[in-house]
Amino acid sequence: MARMKFLCDADRCIECNACVTACKNEHEVPWGINRRRVVTLNDGKPGERSVSMACMHCTDAPCAAVCPVNCFYTTADGVVLHSKDICIGCGYCFYACPFGAPQYPRVGNFGSRGKMDKCTYCSGGPEPDLSTAEYEKYGSNRLAEGKLPLCAEMCSTKALLAGDGEMIAEIYKQRVLKRGYGSGAWGWKTAYRETVAI
Amino acid sequence: MQRVATLLGALLVMAALWPASGLDMSARAQSPIQADGQNPMGARPTADSVNEEFLFKQSPKITGRISIPDGKAANLIQPQGRQYQMFREGWLPWIGALVILGMLAALAAFFLYRGRILTDHSQESGKKILRFNAFERFTHWMTAVCFIILSLSGLNYIFGKRLLMPLIGPDAFGALAQWAKYSHVYLAWPFMLGVIFMVVVWVRDNIPNRIDWEWIKAGGGFIGSKHPHAGRFNAGQKGVFWMVAGFGAAMGATGLMMLFPFAVFDVNGMQVMQVIHSLIGVVFIAGILAHIYIGTLGMKGAYDAMGSGKVDLAWARTHHDLWVEQEQARTASGPQVASHPAPAE
Amino acid sequence: MKAFVAAVIAAIILGIGAMLALTSSQRFAYQAFATSGARVSEPGTNLVGPRWDGDPAPDEYDAEPHGKVRGAASEPKRS
């Protein structure tokens with residue numbers, strides 16, 4: 001079975017934010033909620049880099065561990081998903097998440113902030129695949145259609161890679177060898193406790 | 001017009017001279033990458049970029065610029081989340097279980113060793129003296145009821161998924177946890193108000209003094225049968241008071257920070273608030289368990305003080321002799337106090 | 001006993017008061033994270049819905065596949 005991961009090649013990312021837009025459109029993500037975002041480091045300075053970041057679908061996911069109602073589960077593909085029916089919106093997953101992935105529909109206070117929303121790796125939730133209920137709660141399920149996440153699929157510079165961890169690591173490795181440099185697989189050490197060995 | 005012509009002329013001259021002087025350089029600059037993909041000049045135009053290792057050396061988390069108005073999203077990677085995970089899942093359940101079960105075991109052992117603390121009968125038995133007035137009892141019970149619900153719903157955050165969820169299933173547990181969360185958030189307010197009331201009403205009688213030291217040295221009456229002198233509150237009760245005041249304030253402060261997330265702190269601050277809130281919470285629960293034990297099962301006659309507000313005069317004289325004297329002196333003509341035992345009885 | 005009952009009632013009343021106060025001060029993410037450049041007074045059809053909380057009302061999706069507009073249509077604010 002594949003172990004699905006994201007890898008953002010920051011040396012290719014041009015901060016066009018198309019991944020963000022594609023994600024929002026594909027899943028009808030409301031205003032104010034960003035399942036994916038692009039963070040620019042060293043903005044305006046030499047060596048500036050942009051990294052597109054979403055849920056990394058961690059190994060031993062911190063969100064799943066700290067959830068007081070165990071609403072998270074990991075699929076056979078290594079994708080970390082959650083059930084909005086069980087979620088109580090406590091926000092602990094946001095504190096635990098190294099990548100700031102969990103989002104809440106209301107932000108004023110802790111009391112009734114609604115169900116958490118995060119990147120589903122375009123693979124829906126616990127509802128039956130491609131059902132209306134799944135679409136309403138989690139957005140579309142491209143993985144069930146045999147497609148990869150839209151953000152990576154349509155990345156104009158192919159900076160964002162999605163797919164089996166070993167496969168995308170190999171692609172990235174070849175790129176780095178070819179061009180002679182690479183700023184590394186951002187977040188991999190924290191998410192997967194390993195990094196791409198060049 | 002003439003000026004433009006002069007300028008064009010100068011540019012032409014410059015253009016003619018430029019290739020001659022820098023021919024070698026410009027030829028390479030136009031095509032720096034050779035056929036093997038290597039750059040012979042060693043210049044890698046985008047290679048001198050920031051990387052994760054370098055940024056983690058500068059600060060514990062990686063933060064950048066973000067084009068969306070959600071400031072929290074500017075954190076790219078905060079590995080502290082893993083530490084928070086370690087605390088909450090690795091340490092907290094053990095700490096919580098040890099502290100609370102340890103307190104229960106200690107209370108059970110004390111009960112088996114000491115039994116129920118009784119009051120010797122005296123000629124004053126049967127007479128009543130007012131110990132807590134209606135407002136004091138109201139304050140106590142409002143805080144107490146809220147505390148019990150807050151502690152149960154708080155423990156649910158730690159132990160619910162371990163103990164309750166396998167029993168009732170995830171959906172029922174999810175609904176229950178949602179209501180537990182609501183009760184935790186909303187009943188926190190009467191609890192905080194109750195703690196404030198309690199501090200206002202009782203702080204006067206809870207200033208530590210020398211009698212408390214004597215009380216502690218005498219073992220507080222727990223060890224042996226002799227009762228040391230005590231005012232309205234003995235050193236143990238003062239301990240409970242200051243624990244409630246201190247822990248209540250700490251729980252209220254950290255709880256408010258968590259209730260309005262990111263109002264003051266960033267994500268790491270929120271993690272610290274969570275850690276403090278949970279650690280103090282379990283110690284607070286253990287302390288209150290001891291308070292509940294001694295107020296009900298552990299000592300005969302103690303519950304009346306908060307139940308009806310009136311305690312047996314014999315009990316009061318045994319446990320709070322200085323307070324009884326003070327009270328009798330103050331309300332010598334008061335109807336509720338039989339100040340001097342009538343000989344006829 | 002009277003004090004106890006009064007305390008329970010007071011706790012419930014204060015709790016409900018806190019609930020009302022906290023719920024009314026709650027802000028939607030689309031209000032909190034909108035800039036002046038974003039016109040989200042009436043979020044429109046490209047959203048799951050303005051009252052979206054992840055647990056949508058069952059009728060919200062029956063009429064149109066991707067949610068429908070609630071409230072009055074927005075005035076085109078073009079300058």
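Labels below follow one simple rule: chain letters A, B, ... track the order of the sequence lines, proteins then strands, and each chain is numbered from 1. Predicted model only: the values in this text are computed from it and were never measured.
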Test applied, ring-ring contact (aromatic ring centres under 6.0 Å, His included); reference residue, A:F6; option that passes from A:W186, A:F99, A:Y121, A:Y172:
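Of A:W186, A:F99, A:Y121, A:Y172, ring-ring contact (aromatic ring centres under 6.0 Å, His included) with A:F6 is met by A:Y121 alone.
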Residues of residues 142-155 of chain B near chain A, each having a heavy atom less than 4.5 Å away:
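Contacts with chain A: none.
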Checking an interface table here. Which of residues 261-281 of chain B come within a heavy-atom distance under 4.5 Å of chain A?
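The list, in residue order, reads B:P261, B:F262, B:V267, B:M270, B:Q271, B:Q274.
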Decide yes or no for B:R88 and B:Q83: does some side-chain heavy atom of the first lie under 4.5 Å from some side-chain heavy atom of the second?
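No, their side chains stay 4.5 Å or more apart.
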Near-ring test [Y]/[X], centroid separation under 6.0 angstrom:
{"X": "A:Y192", "Y": "A:W188", "value": "yes"}
{"X": "B:F138", "Y": "B:F197", "value": "no"}
{"X": "B:H184", "Y": "B:Y157", "value": "yes"}

Could you tell me which portion of [X] (side chain, backbone, both or neither) has an atom closer than 4.5 angstrom to a non-hydrogen atom of chain B?
{"X": "A:A54", "result": "neither"}
{"X": "A:R36", "result": "neither"}
{"X": "A:N17", "result": "side chain"}
{"X": "A:A191", "result": "backbone"}
{"X": "A:N70", "result": "both"}
{"X": "A:A185", "result": "backbone"}

Top residue by heavy-atom pair count (under 4.5 Å) with chain A, among B:K181, B:R82, B:E89?
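Maximum pair count with chain A is reached by B:R82.
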Heavy-atom cut-off 4.5 Å, strictly under: side chain, backbone, both or neither for [X] against chain A?
{"X": "B:L55", "value": "side chain"}
{"X": "B:M165", "value": "side chain"}
{"X": "B:R65", "value": "both"}
{"X": "B:A177", "value": "both"}
{"X": "B:I77", "value": "both"}

Just how far is it from atom [atom1] of [X] to atom [atom2] of [Y], taken to the nearest 0.5 Å?
{"X": "A:R49", "Y": "A:D11", "atom1": "CZ", "atom2": "CG", "result": "4.5 Å"}
{"X": "B:S67", "Y": "A:N34", "atom1": "OG", "atom2": "CG", "result": "8.0 Å"}
{"X": "A:L148", "Y": "A:M154", "atom1": "CG", "atom2": "CE", "result": "14.0 Å"}

Any idea which heavy atoms bring A:V38 and A:C13 closest together, and the distance?
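Taking every non-hydrogen atom into account, CG1-SG, 4.3 Å.
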Under 4.5 Å, counting heavy-atom pairs only, tell me which of A:C63, A:P68, A:C71 racks up the most with chain B.
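Of A:C63, A:P68, A:C71, A:P68 has the most heavy-atom pairs under 4.5 Å with chain B.
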For the residue pair B:Y186 and B:Y182, categorise the inter-ring angle as parallel (less than 30°), tilted (30 to 60°) or perpendicular (more than 60°).
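Rings of B:Y186 and B:Y182: parallel, under 30°.
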Worked verdict on A:R37 versus B:D70 for side-chain contact (heavy atoms from CB on, under 4.5 Å):
CA-CA 10 Å; A:R37 65 195 195 279; B:D70 182 0; over 6 Å; no
